[in-house]
Amino acid sequence: MEKTFRILRYDPEKDQEAHFQDYKVPYEKGLTVLEGLYYILENLDATLAFRSSCRAAICGSCAMHINGQYRLACRTQVSALNSDLITVRPLSHLTILKDLVVDLKPFFDNYKKIEPYLQPEKAEPAKEFTQSEKERGKIDKLVDCILCAACYGSCPVASTNPKYLGPQALVAALRFINDSRDGKTQERLAIVANDEGIFRCHTIFNCQQVCPKDIDPTNAILKLRGKSFMSKLTGKI
Amino acid sequence: MRKKNQLVKLYDDFTLNFNTGTIAWLLHRVTGVLLLVYFLMHAFVIGSAVHGHVNFDTALAKVQTPFFHILEIGLIGVIFFHLINGVRLLIIDLTGLSKAHKVLFWIFMAALVVFMAYTARMILTNVLSEAGGSLK
Ligand code: SF4
Ligand code: FES
């Protein structure tokens, strides 16, 4: 049995516009979309460009638009798509460098804006920071983000304003705010509580729909709204 | 590659993320714009009162026709959608029930259908009785 892979191709050195190209890939049980792409690369067309690394849904390199939704190619079983035609496009809202490879700079620039590293207020303990199970529970899920940018690609607001922090950066902001070891809660809220942060979100829920780690960035944004509302009310930010 | 304009990008986002959230968001935008157009027309009709009651009566008479009454069904639909979708987002925002957004959307859409069937019947009955007919 064969499956048709319809892939959006674009080579900046020779193409004016992106265009679709079809490839026939032999199907066997267990084939993932990423393996299909590797089959094409190794047997049919060595010029195809795409990103991948871990092949285990943990590095976040292989997010792309596959049959109606942004997904991780390595975790998407061809059989689960229930179709003989697999249409693959790169992530939206980011410039295509070649084929399925996009320039992630705007995405990571937004991530950097929320200062994604621990900033403890208290003096560093001699040995280590301890966290109770309950405290750790508050950052469960949020720490699972693999920076795949599927949420960013799916968010129509990110398309209208590249300065919008985007779902992923806001998830990361909440992750540090909820972290019992971090001391910069109010400063972090001040970074996100503006019209390039939580107030630009139109609550469209695409990020929730696509997140391969089931993080629900929309919910993170709602929580940040609640927290910044309280901080504004009490004059802390 | 050519830069896409905003409308093309919007169309792409809509087709690439075809799910309830996107549909609700787009309808909310479209009904918002329609409401703005309506309010401008509305202000224009009401504003004619500034030039005396005769002016106001003529302006009003122009929109008191069966054609406009039937358009009113659409207007009420637009207002109702914008209203209940706004309420849906408020509920989610205040309660954090983000995972319930699809269920809420369909419950509210069912309410919209019932409400609109009632409204359409009421308006059509009035229009017909003014024209001397009846729905029965
Ligand atoms: S929040 Fe989810 S979709 Fe967004 S970058 Fe992280 S893992 Fe990917
Ligand atoms: S290859 Fe690492 S997430 Fe898919």
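Reminder, nothing fancy here: chain letters follow the sequence lines and each chain counts from 1. Below, each value reflects all heavy atoms present in this structure, side chains not excepted, and no hydrogens, waters or symmetry copies.
- Heavy-atom distances place the side chain of A/Gln209, and not its backbone, under 4.5 Å from chain B.
- Of the listed residues (A/Arg225, A/His65, A/Gln69), the greatest number of heavy-atom pairs within a distance under 4.5 Å of chain B belongs to A/His65.
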Worksheet item: How far apart are the C-alpha atoms of A/Asn206 and B/Thr22, what are their side-chain angles, what is the distance that settles it, and do they pass the side chain to side chain donor-acceptor pair (under 3.5 Å) test?
Response: CA-CA 7 Å; A/Asn206 284 348; B/Thr22 323; 3.0 Å; yes
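- Counting heavy-atom pairs under 4.5 Å between each of A/Cys155, A/Ala18, A/Ser154, A/Pro12 and chain B puts A/Ser154 at the top.
- At a 4.5 Å heavy-atom cutoff, B/Leu94 makes no contact with chain A through either its backbone or its side chain.
- With hydrogens and angles disregarded, a donor-acceptor distance shorter than 3.5 Å links the side chain of A/Arg200 to the backbone of A/Asp195.
- For residues 229-237 of chain A, heavy-atom neighbours of chain B at less than 4.5 Å comprise no residues at all.
- The parts of B/Leu16 that come within reach of chain A are both its backbone and its side chain, each placing non-hydrogen atoms under 4.5 angstrom from that chain.
- Counting non-hydrogen atoms of neighbouring residues, nucleotides and ligands closer than 6.0 angstrom, the NZ atom of A/Lys227 reaches no more than 12 such neighbours.
- A distance below 6.0 Å separates the ring centres of A/Tyr152 and A/Phe107.
- Ring-plane geometry between A/His202 and B/Trp25 is classed as tilted, the angle between the planes lying from 30 to 60 degrees on a 0 to 90 degree scale.
- Comment: A/Arg175 engages A/Asp179 in a salt bridge, judged by a side-chain N to carboxylate O separation of less than 4.0 angstrom.
- The side-chain contact (heavy atoms from CB on, under 4.5 Å) check on A/Pro116 picks up A/Tyr111, A/Ile114, A/Phe176, with sequence neighbours excluded.
- For B/Asn19, the part sitting under 4.5 Å from any heavy atom of chain A is the side chain, from C-beta outward, and nothing else.
- Taking all atoms of both residues into account, the shortest heavy-atom contact from B/Asn55 to B/Ser48 is CB-O, 3.6 Å.
- Side-chain atoms of A/Arg136 and A/Ser180 include no donor-acceptor pair closer than 3.5 Å.
- The shortest distance between side-chain heavy atoms of A/Leu37 and A/Ile7 falls below 4.5 Å.
- Proximity to chain A is limited to the side chain of B/Lys102, based on heavy atoms less than 4.5 angstrom apart.
- Only the side chain of A/Asp216 comes within contact range of chain B, judged by heavy atoms closer than 4.5 Å.
- With a 4.5 angstrom heavy-atom cutoff, A/Thr203 touches chain B via backbone and side-chain atoms both.
- Comparing A/Phe205, A/Tyr70, A/Tyr10 by how many heavy-atom pairs each has under 4.5 Å with chain B, the most go to A/Phe205.
- Side-chain contact check for A/Cys148 versus A/Leu72: some heavy-atom pair is nearer than 4.5 Å.
- Looking only at heavy-atom pairs under 4.5 Å with chain B, the residue among A/Ile204, A/Leu222, A/Thr160, A/Asn219 that has the most is A/Ile204.
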